[in-house]
Amino acid sequence: GAGVSQTPSNKVTEKGKYVELRCDPISGHTALYWYRQSLGQGPEFLIYFQGTGAADDSGLPNDRFFAVRPEGSVSTLKIQRTERGDSAMYLCASSLDRNYEQYFGPGTRLTVT
Amino acid sequence: QKEVEQDPGPLSVPEGAIVSLNCTYSNSAFQYFMWYRQYSRKGPELLMYTYSSGNKEDGRFTAQVDKSSKYISLFIRDSQPSDSATYLCAMSPGSGGSNYKLTFGKGTLLTVNP
């Protein structure tokens with residue numbers, strides 16, 4: 001079946017701009033996660049959704065980052081006033097219920113110039 | 001000290017070699033242990049997961065967990081050029097806690113030469 005999909009695959013934006021990154025999880029997966037992976041590092045947890053609600057947003061670095069999942073399926077990660085330090089690969093994962101067995105999408109590579 | 005330590009390599013081996021990849025960790029709450037494979041500029045792919053201590057085998061891959069030493073390993077037998085990738089270990093706490101919150105190592109870059 002179809003895996004996790006993410007769009008766009010690449011995003012280049014100027015410092016100070018607003019960006020939205022989209023994730024479409026595996027059908028039937030109720031849990032959705034966002035991670036950020038900087039070059040040469042492992043992914044770092046940002047936020048976890050169970051259904052429509054953000055059950056744990058403790059990994060979001062600051063209030064410029066926000067994520068939604070209004071209908072319990074597709075999720076959007078929103079970054080306001082982007083900074084060069086936000087440049088990274090943003091990964092989305094999903095799982096059957098809250099679970100360590102997570103399946104990742106291909107990621108969105110964000111570059112802030 | 002980071003919660004999960006992983007030697008980033010790079011590791012280069014000839015085709016057919018046995019590869020050993022390792023991680024150490026400091027958080028005794030970790031109960032679930034995963035290995036992911038990540039090809040360049042792609043998302044991580046779940047290879048194997050184990051719960052608590054012990055061994056698990058899947059084809060050419062064997063995962064080992066030694067909780068007493070806080071040490072986990074992934075062995076790849078008869079390595080192939082297509083195994084060339086970055087291998088990430090990941091861990092999470094047990095049920096009832098934040099078992100969804102994966103903590104990753106930095107990843108080890110493996111190259112298998114034909």
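Within residues 24-46 of chain A, the residues having any heavy atom closer than 4.5 Å to a heavy atom of chain B are A:Tyr33, A:Tyr35, A:Gln37, A:Gly40, A:Gln41, A:Gly42, A:Pro43, A:Phe45, listed by residue number. Residues of residues 57-74 of chain A that come within less than 4.5 angstrom of chain B, heavy atom to heavy atom, are A:Ser58 in numerical order.
For the atom pair A:Gln102 CD and B:Ser92 OG, the distance stands at 8.0 Å (nearest 0.5 Å). With rounding to the nearest 0.5 angstrom, the CG atom of B:Leu102 is 6.0 Å from the CZ atom of A:Phe104.
For chain A, the nearby part of B:Tyr36 is the side chain; its heavy atoms alone come within less than 4.5 Å. Residue contact with chain A, scored on non-hydrogen atoms closer than 4.5 Å, involves the backbone and the side chain of B:Pro44 alike. Heavy atoms of B:Gln38 lying under 4.5 Å from chain A belong exclusively to its side chain.
By the criterion of side-chain heavy atoms lying less than 4.5 angstrom apart, applied directly or through intervening Ile, Leu, Val, Met, Phe, Trp or Tyr residues, A:Leu91 is not grouped with A:Val112; the two fall into different hydrophobic clusters. With hydrophobic clusters built from ILVMFWY side chains whose heavy atoms lie under 4.5 angstrom apart, B:Leu74 shares a cluster with B:Met91. Both A:Ile47 and A:Val19 sit in one connected hydrophobic cluster of ILVMFWY residues. Membership requires side-chain heavy atoms under 4.5 Å apart, directly or through other members. There is a path of hydrophobic side-chain contacts, each under 4.5 Å, that joins B:Met48 to B:Tyr87. Transitive grouping of hydrophobic side chains (ILVMFWY, heavy atoms separated by less than 4.5 Å) keeps B:Val4 and B:Leu109 in distinct clusters.
The 12-atom threshold is not exceeded at CZ of B:Arg41, counting heavy atoms of other residues, nucleotides or ligands nearer than 6.0 Å. A 6.0 Å sphere centred on NZ of B:Lys101 holds more than 12 heavy atoms belonging to other residues, nucleotides or ligands.
When B:Tyr51, B:Tyr49, B:Tyr100 are each tested for a side-chain contact (heavy atoms from CB on, under 4.5 Å) with A:Tyr100, only one passes: B:Tyr49.
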